[in-house]
Protein chains: 2
Amino acid sequence: MANLKDVARLAEVDPSTVSRVLRGDPSQAVRPETRERIVEAARSLRYRPNALARGLRTRRTDTIGLVMPDIGNLGFAEVTHGIQTAAAQAGRLVLLIEASSLGDDGDHTLDTEHKYEQLIGDGRVDGLIVAFATLDDRLVAHLAERKIPLVLVNRRTAGVHGSVVVDDERGSRLAIQHLFALGHARIGLVGLAAETDTARRREQGYRTAMNQAGIRVEPGWTVAGPASIAGGHAAVEPILGQPASVRPTALFVASLLGAVGVLGRLRAAGLRVPDDISVIAFNDHELAEHLDPPLTTIRMPNLRMGQEAVRMLVSALDGAPAGDVMIDEEPHIVVRRSTAPPPSAG
Amino acid sequence: MANLKDVARLAEVDPSTVSRVLRGDPSQAVRPETRERIVEAARSLRYRPNALARGLRTRRTDTIGLVMPDIGNLGFAEVTHGIQTAAAQAGRLVLLIEASSLGDDGDHTLDTEHKYEQLIGDGRVDGLIVAFATLDDRLVAHLAERKIPLVLVNRRTAGVHGSVVVDDERGSRLAIQHLFALGHARIGLVGLAAETDTARRREQGYRTAMNQAGIRVEPGWTVAGPASIAGGHAAVEPILGQPASVRPTALFVASLLGAVGVLGRLRAAGLRVPDDISVIAFNDHELAEHLDPPLTTIRMPNLRMGQEAVRMLVSALDGAPAGDVMIDEEPHIVVRRSTAPPPSAG
DNA sequence: ATGAAAGCGCTAACAC
DNA sequence: GTGTTAGCGCTTTCAT
């Protein structure tokens, strides 16, 4: 691999001149003829600046750390893709950090907080994008205190600035309003079990919509579980125990994967969706079309959320003050076949 | 951030001694007392070696580049997860390179091959794991020529050593044998459109099983399409045109996502699965359970494939000759509800 | 308009 | 058993 010195020798100039030319350094002018000789030499040697040496010198790696609980989770695909493309566009590379892999590396002398500090302390990344409710609030706060450039995606944490969320509350209201329009009044919520701001905002949207319609939310109507198939499966259980006359006629599930589990559990209980009970999910995916039955969903601007996270982190690295952004692109309902008028209305 | 010099000063020793102690350098013995002073100093300063400086010096980054067409694709989740966990265990970080992001970064002066060389030429990664049929064969061969440490996942390429695959042929045979056991004889194949070794091996398993059963594969029985919902949807089209008396009574789809598309298209055509036609897919996922109908699949050891890829790359970096491995863990059939005896047998 | 020189933080060969 | 030294490849003052 050719280095700067090789190029300089071939072009018969000083390495520093090569550096200036190749970086397009604006401060110093360079004779066109010299420039051309340098560019040609670099090309013929297939020269590529060594990222490590450059990073060591400039203290920038042009690399973003992406912390996620689980790549491969349906719900994250779109956001990840947005982050990836925006990072590429901004000339940044993405270092993948599956959060779970931090937990069990056998190094018990270091606590979890310390591990995240390592990531950035090693100097491999310029900043972190922390997606979804991976870290608990105290940990996030800790990172923020240490001035680690940080953008939270799909969540907020008290006292930490630099976050991107979608309008969860609005998305939830949209779901409930769809159910109202179909004639439902006893609407249940399968919420997110996590103690996060996002979980609260989705629940809040549900409660606001119900209140505005003058409907009192009965305690038995709301349950919660992890955003996974198994989570939805288990969470909906208490609702099945209730007599059909008081039990919700429709369920709003705060996660797509959770809704898949809910659908499965309802089917196992012999309930037909949507004839006996309607189901609508927060977040959309192409596969929702192919579930049994095809699932009505709320489509959120998740791609934009991912892109915006990168934009924010990059500008934070350039010294801009970190903001808290809500992507205000309108959520859309995708009506499929899991929602219908309540049985009593038939 | 404390550096080596800071630690040395505090421990009142030379930086090189600190380096030796902290790396656990076996060549040189160190007095226990000194060692303790150093370790204590490092701990109290929260010292972390700078990865860039170390990498510049040692010419190793302990980072693996993961090249994929599309994170977030269901079919890749398990493999990605295997790679991620194995990498973490081996003390390696993973740099994510979505293959598509290389295509459109506006830098048209460089051809695609050149871009991959850059990745490694920059010195950011020690080697590459290239997963799925992203790059065409010439490009892969080109990378291999340049001696870039490389492991191919889920594909092979003539002349390139260093690959991990599962036993696609065996998996395919298992699928066909399941259909035989149900009484099917006219079995169709919805293959992979890609010109890859993997596509051929899956088809080969199908043909071998058919031959062994003494069944001649009619030309109209085999179609192919991309491994996506839309791909499966479109690919199955020609089969729908055939009269029920000659058309396959069962379809083996060589990808999970493709099978979802096939299921959708069959339903749209008014065909009931499995009553009118059976469908079985290569590769499994939790969600297959929740499709309409629940999809019978062949479960391959994809997690192992991902882990093995890391193991191979790491040992290749240590100078071991690159091998071509087939994970020989037995594939399993997951019988759900998309397969049943053929209509004529009823 | 270009060159000289120092140094980012670390490791490794060698000296004592 | 520990210190000295050189240098990985680059950027960035400061000279000229």
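Chain naming here is simple, since letters A, B, ... match the order of the sequence lines and numbering starts at 1 in each. In what follows, every heavy atom counts, from backbone to side chain, and hydrogens, waters and symmetry copies are set aside.
Counting heavy atoms of neighbouring residues, nucleotides and ligands inside a 6.0 Å radius, atom CZ of A:Arg23 exceeds 12 of them.
Atom CZ in B:Arg9 sits roughly 14 Å away from atom P in D:dG3 (whole-Å rounding). One atom, CD of A:Glu33, and another, P of C:dA1, lie 13 Å apart when rounded to the nearest Å. Rounded to whole angstrom, the span from the CG atom of A:Leu22 across to the P atom of D:dT11 amounts to 9 Å. Across the protein-nucleic acid pair, B:Asp14 atom CG and C:dC10 atom C1' stand 12 Å apart, rounded to whole Å. D:dG1 atom C1' lies 16 Å from atom CD of B:Glu36, rounded to whole Å. Whole-Å rounding puts the A:Asp25 CG to D:dC14 C1' distance at 14 Å. The interatomic distance linking A:Leu4 (CG) with C:dG7 (C1') rounds to 15 Å, in whole Å. Going from atom CZ of B:Arg124 over to atom P of D:dC8 covers 21 Å, rounded to whole Å.
Residues from residues 53-63 of chain A that place a heavy atom under 4.0 Å from any atom of DNA chain C, listed by number: A:Leu56, A:Arg57, A:Arg59.
Within the 4.5 Å cutoff, side-chain heavy atoms of B:Val151 are placed close to those of B:Val164. Taking the side chain as every heavy atom from C-beta outward, B:Asp62 and B:Arg60 approach each other to under 4.5 Å. For the pair B:Asp6/B:Asn3, a side-chain contact is recorded, criterion being any heavy-atom separation below 4.5 Å from C-beta on. Contact of the B:Thr34 side chain with the B:Val13 side chain is registered, since non-hydrogen atoms from C-beta on lie closer than 4.5 Å.
Distance check, rounded to the nearest 0.5 Å: CG of A:Leu66 to OG1 of A:Thr80 gives 6.5 Å. Between atom CZ of residue B:Arg48 and atom CG of residue B:Leu4 there is a gap of 13.0 Å, rounded to the nearest 0.5 Å. Here the OG1-CZ distance, from B:Thr61 to A:Arg124, works out to 7.0 Å after rounding to the nearest 0.5 Å.
Proximity of B:Ser19 to the phosphate of C:dC10: no side-chain N or O atom is located under 4.0 Å from OP1 or OP2. When the side-chain nitrogen and oxygen atoms of A:Asn50 are compared with OP1 and OP2 of D:dG9, none of them lie within a distance under 4.0 Å. At D:dT11, none of the side-chain N or O atoms of A:Ser16 fall inside 4.0 Å of OP1 or OP2 (strictly under the cut-off).
Considering only the side chain of B:Arg31, D:dG1 comes nearest among D:dT4, D:dT11, D:dG1. If you check C:dT11, C:dT2, D:dC10 against the side chain of A:Arg20, the one that comes closest is C:dT2.
Base pairing in DNA chain D yields stems of at least 3 consecutive Watson-Crick or G-U pairs, both distances under 3.5 Å, namely C:1-16 with D:1-16.
With hydrogens and angles ignored, no donor-acceptor pair closer than 3.5 Å exists between the side chain of B:Arg48 and the base of C:dG9.
Under the 4.0 Å criterion applied to side-chain N and carboxylate O atoms, B:Glu308 and B:Arg311 are assigned as salt-bridge partners.
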